[in-house]
Amino acid sequence: MPRTSVSGDFAHQINTDEVFDTHRVATMKRGAIVVNTARGALVDDEALIAGLKSGHIRAAGLDVYDDEPKVNPGYLTLENVTLLPHLGSATIETRDAMGHRALDNLDAVLLKSTAAPDRVA
(Lines give C-alpha, C1' and ligand atoms only; values in the text may rest on other atoms or scores of the structure.)
Protein backbone atom coordinates (compact mmCIF):
# COMPACT_ATOMS: atom_id res chain seq x y z
CA MET A 1 0.00 0.00 0.00
CA PRO A 2 1.48 3.41 -0.93
CA ARG A 3 2.28 5.70 1.98
CA THR A 4 2.17 9.45 2.21
CA SER A 5 4.91 11.39 3.93
CA VAL A 6 4.81 15.03 4.96
CA SER A 7 7.88 17.08 5.62
CA GLY A 8 7.75 20.82 6.05
CA ASP A 9 10.37 23.52 6.18
CA PHE A 10 8.73 26.70 7.40
CA ALA A 11 10.28 29.80 8.90
CA HIS A 12 9.03 30.29 12.45
CA GLN A 13 6.42 33.04 12.43
CA ILE A 14 3.27 33.64 14.46
CA ASN A 15 1.03 32.37 11.64
CA THR A 16 2.98 29.11 11.31
CA ASP A 17 2.56 27.98 14.92
CA GLU A 18 0.73 24.65 15.13
CA VAL A 19 0.10 24.56 11.39
CA PHE A 20 -0.03 20.80 11.79
CA ASP A 21 -3.09 20.66 14.03
CA THR A 22 -6.08 18.37 14.66
CA HIS A 23 -7.72 19.47 11.40
CA ARG A 24 -4.57 18.79 9.38
CA VAL A 25 -4.15 15.35 10.98
CA ALA A 26 -7.75 14.47 10.15
CA THR A 27 -7.36 15.49 6.50
CA MET A 28 -4.23 13.44 5.96
CA LYS A 29 -4.41 10.10 4.25
CA ARG A 30 -4.62 7.25 6.74
CA GLY A 31 -1.17 5.72 7.16
CA ALA A 32 0.72 8.97 6.51
CA ILE A 33 4.18 9.49 7.96
CA VAL A 34 5.05 12.87 9.47
CA VAL A 35 8.60 14.22 9.60
CA ASN A 36 9.41 17.52 11.27
CA THR A 37 12.95 18.87 11.07
CA ALA A 38 11.91 22.50 10.69
CA ARG A 39 10.40 24.06 13.82
CA GLY A 40 8.85 22.41 16.86
CA ALA A 41 6.10 25.02 17.07
CA LEU A 42 4.71 23.87 13.71
CA VAL A 43 3.25 20.73 15.28
CA ASP A 44 0.40 20.59 17.77
CA ASP A 45 1.88 17.79 19.85
CA GLU A 46 -1.46 16.63 21.26
CA ALA A 47 -2.96 16.37 17.75
CA LEU A 48 0.00 14.38 16.43
CA ILE A 49 0.09 12.11 19.49
CA ALA A 50 -3.65 11.41 19.09
CA GLY A 51 -3.13 10.63 15.40
CA LEU A 52 -0.25 8.28 16.20
CA LYS A 53 -2.20 6.49 18.94
CA SER A 54 -5.26 6.01 16.72
CA GLY A 55 -3.17 4.71 13.83
CA HIS A 56 -4.38 7.45 11.49
CA ILE A 57 -0.76 8.63 11.38
CA ARG A 58 1.42 5.57 10.82
CA ALA A 59 4.63 7.06 12.19
CA ALA A 60 6.47 10.27 12.97
CA GLY A 61 10.08 11.34 12.98
CA LEU A 62 10.84 14.46 15.01
CA ASP A 63 14.12 16.34 15.23
CA VAL A 64 12.69 19.52 16.78
CA TYR A 65 10.27 20.12 19.64
CA ASP A 66 7.94 22.90 20.69
CA ASP A 67 9.49 23.30 24.14
CA GLU A 68 13.09 22.27 23.44
CA PRO A 69 14.95 20.74 25.07
CA LYS A 70 11.88 19.22 26.70
CA VAL A 71 9.95 16.59 24.75
CA ASN A 72 6.21 16.08 25.21
CA PRO A 73 6.01 12.97 27.42
CA GLY A 74 3.16 11.64 25.28
CA TYR A 75 5.71 10.69 22.61
CA LEU A 76 7.84 8.64 25.00
CA THR A 77 5.44 5.69 25.24
CA LEU A 78 4.84 5.39 21.49
CA GLU A 79 6.67 2.84 19.38
CA ASN A 80 5.73 4.52 16.10
CA VAL A 81 7.70 7.71 16.70
CA THR A 82 11.43 8.35 16.35
CA LEU A 83 12.83 11.22 18.42
CA LEU A 84 16.19 12.79 17.62
CA PRO A 85 18.11 15.43 19.61
CA HIS A 86 17.96 18.23 17.01
CA LEU A 87 20.58 16.78 14.69
CA GLY A 88 19.22 18.17 11.42
CA SER A 89 22.20 20.44 10.96
CA ALA A 90 24.83 17.89 11.95
CA THR A 91 26.56 17.48 8.60
CA ILE A 92 30.01 18.71 7.69
CA GLU A 93 28.60 20.83 4.86
CA THR A 94 25.97 22.50 7.05
CA ARG A 95 28.37 23.16 9.91
CA ASP A 96 30.92 24.61 7.45
CA ALA A 97 28.23 26.86 5.97
CA MET A 98 27.18 28.00 9.46
CA GLY A 99 30.79 28.86 10.28
CA HIS A 100 31.22 30.80 7.06
CA ARG A 101 28.04 32.77 7.73
CA ALA A 102 29.36 33.72 11.17
CA LEU A 103 32.71 34.76 9.66
CA ASP A 104 30.94 36.85 7.00
CA ASN A 105 29.05 38.64 9.78
CA LEU A 106 32.25 39.31 11.72
CA ASP A 107 34.02 40.52 8.58
CA ALA A 108 31.19 42.94 7.77
CA VAL A 109 30.90 44.40 11.26
CA LEU A 110 34.54 44.47 12.38
CA LEU A 111 36.45 45.07 9.15
CA LYS A 112 33.98 46.86 6.90
CA SER A 113 31.91 48.68 9.56
CA THR A 114 28.70 47.58 7.85
CA ALA A 115 25.66 45.69 9.08
CA ALA A 116 25.94 41.95 9.44
CA PRO A 117 24.54 40.34 6.27
CA ASP A 118 22.92 37.51 8.21
CA ARG A 119 21.70 39.04 11.45
CA VAL A 120 20.07 36.51 13.78
CA ALA A 121 18.35 38.81 16.27
Side-chain angles (χ1 to χ4, degrees):
M1 172 192 314
R3 298 287 181 200
T4 301
S5 297
V6 174
S7 180
D9 187 13
F10 299 89
H12 186 217
Q13 301 170 5
I14 297 299
N15 62 348
T16 60
D17 283 358
E18 294 189 352
V19 96
F20 191 79
D21 58 9
T22 302
H23 172 72
R24 189 86 40 159
V25 169
T27 59
M28 293 189 67
K29 184 177 179 179
R30 183 168 185 77
I33 298 169
V34 175
V35 175
N36 185 14
T37 61
R39 302 284 177 264
L42 292 173
V43 174
D44 176 344
D45 288 326
E46 297 307 321
L48 180 56
I49 289 166
L52 289 161
K53 285 182 176 180
S54 73
H56 188 80
I57 303 297
R58 178 179 178 215
L62 305 175
D63 186 47
V64 291
Y65 310 96
D66 190 26
D67 194 23
E68 281 186 30
K70 298 176 186 171
V71 175
N72 185 309
Y75 291 121
L76 302 179
T77 61
L78 300 175
E79 293 188 18
N80 56 344
V81 64
T82 298
L83 306 171
L84 296 174
H86 204 143
L87 294 173
S89 69
T91 66
I92 292 171
E93 295 82 6
T94 300
R95 296 288 166 94
D96 281 351
M98 291 165 67
H100 286 288
R101 288 169 72 177
L103 290 171
D104 289 344
N105 283 343
L106 288 170
D107 184 50
V109 173
L110 299 176
L111 298 179
K112 299 177 184 171
S113 297
T114 60
D118 189 21
R119 188 175 171 163
V120 181

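Just so you know, these numbers come straight off a predicted model, no measurement behind them.
- Taking CG of L83 as the start and CG of L76 as the end, the distance is 6.5 Å to the nearest 0.5 Å.
- Side chain of H56 to main chain of A50: no donor-acceptor pair is present (N/O by atom type, distance under 3.5 Å, no hydrogens or angles).
- Each of D107, N105, V109 was evaluated against P117; a single residue qualifies, N105, per the side chain to side chain contact (heavy atoms under 4.5 Å, CB included) test.
- Side-chain contact between D21 and R24 is present, with at least one heavy-atom pair separated by less than 4.5 Å.
- Here the side chains of T22 and E46 are not in contact, with every heavy-atom distance at 4.5 Å or above.
- Of the candidates L62, V81, L78, L62 is the only one forming a side chain to side chain contact (heavy atoms under 4.5 Å, CB included) with L48.
- Remark: side-chain polar atoms of D63 are paired, donor with acceptor, to backbone N or O of L87 under 3.5 angstrom.
- A 4.5 Å side-chain heavy-atom check between V25 and I57 finds at least one atom pair inside the cut-off.
- N80 is not listed as a side-chain neighbour of R58, based on a closest heavy-atom distance of 4.5 Å or more.
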For this session: Decide side chain to side chain contact (heavy atoms under 4.5 Å, CB included) for L42 and F20; before the verdict, give the C-alpha distance in whole Å, the side-chain angles of both, and the deciding distance to 0.1 Å.
Result: CA-CA 6 Å; L42 292 173; F20 191 79; 5.6 Å; no

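- Atom OH of Y75 and atom OG1 of T82 lie 12.5 Å apart (nearest 0.5 Å).
- Remark: K29 NZ to T27 OG1 distance equals 13.5 Å, nearest 0.5 Å.
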